[in-house]
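Only one structure is covered here, and it is reproduced in the block below.
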Amino acid sequence: MKFIDEYRDAAVARRLLAEISSAIHGNWVLMEICGGQTHTIMRYGLDELLPHGEKGSIELVHGPGCPVCVTPLETIDKALELAARPEVILVSYGDMLRVPGSATDLFTVKARGGDVRIVYSPTEALKIARQNPDRKVVFLAVGFETTAPANAMAVWQARQERLGNFSVLVSHVLVPPAIRALLTSPDCRVNGFIAPGHVCTVMGYGEYEQLVRDFRIPIVVGGFEPVDLLEATLMLVRQLEKGEAKAENQYVRSVHYQGNLPAQRIIHEVFEIADQKWRGIGTIPASGLRVREEYGDYDASRLFGLASITVEEPAECISALVLQGLKKPTDCAAFGMRCTPHNPLGAPMVSSEGACAAYYNYRRHQKEVTADK
Ligand code: SF4
């Protein structure tokens, strides 16, 4: 399959691994900020294939790149509150339904009679609104810069049609401010970043150059297949070994420097940059998107007067540390025992893109071996 098979070619992967081994002399910690990349790393065991010797080593740590995982508990609780209202149809992507709020999840509300519907795009949510003029349709719009254009377009389209029964409950997060926050932390030990290819397809990678200058840290935009990630790793290692810090692009088949300008225009037409809470991490300045005042009639938080709430995470869940790359999922005492994809305690175990779910799906035996020792 074009653009899949050649990026899963074992011979190419082996050659890249040999080049990494020959280039490396230092001990480097690299972070990817994309749940899809985390999933590929675990699925193909890339972290185990990379050098771990006296000549040099690479440790891969996983950043806050899973959109479901970083959606704040408060947003989930607001969605739960709306879903329980008889006049509301709460519409969402399927993986949001199992994310635990502070007391329950959307699946449970649905089972108790709440009108919660799964869609594959915000366009479907608009269709539901048109078909149900006597109900209020709220689309739970979460994600990174990648999903923001389609969500913004839905709001823009609703206004064009004067669709008065459609609104969005928004929790959009932006990658560059999150990288800045991670790099500002005194605990940060990351030497280089693999930036998310899908986000950069929309936004380009010019905005990463300021981070490179401010922190003298290399950033390489990477794709999602094993060969993509190994090539991005090699590009980072080459920079690190030469003492360089540049923003580079490995994912050239999709990402251009400026990104998708029409997509960026619709984002900025409907949304504006705002401080944003990230689940497990806290509020990061200017790291999210909120609905502009001009589109306030389509903002569920304003329409329904949803109060600002603060909710505590389950004490046992160390997702805050996992999402910052400070701990691995297997460091969590609940991993694979009290917390599984069927019974998740925290968001990183719910989403298939979450680091805990990726470790569970591909590494569970390792935890069991460790636990038995
Ligand atoms: S394994 Fe479960 S409880 Fe532990 S950090 Fe991950 S989501 Fe939280």
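Atoms within each ligand, like the ligands themselves, are counted from 1 in listed order. These numbers come from a predicted model, not from an experiment.
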Protein N, O or S atoms lying under 2.8 Å from atom 6 (Fe) of ligand 1, listed by chain and number: C356 SG
N-O pairing of E19 and R15 below 4.0 Å: yes
Listed partners of D214 passing salt bridge (Lys or Arg N to Asp or Glu O under 4.0 Å), at least two apart: R180
Separation between CD1 of I219 and CG of L30, rounded to the nearest 0.5 Å: 12.0 Å
From R162 atom CZ to D297 atom CG, the distance as rounded to the nearest 0.5 Å: 11.5 Å
Any donor-acceptor N/O pair, Q264 side chain to Q258 backbone, under 3.5 Å: yes
Step-by-step salt bridge (charged side-chain N to carboxylate O under 4.0 Å, His left out) determination, R117 to D115: CA-CA 6 Å; R117 304 188 193 184; D115 196 343; 2.9 Å; yes
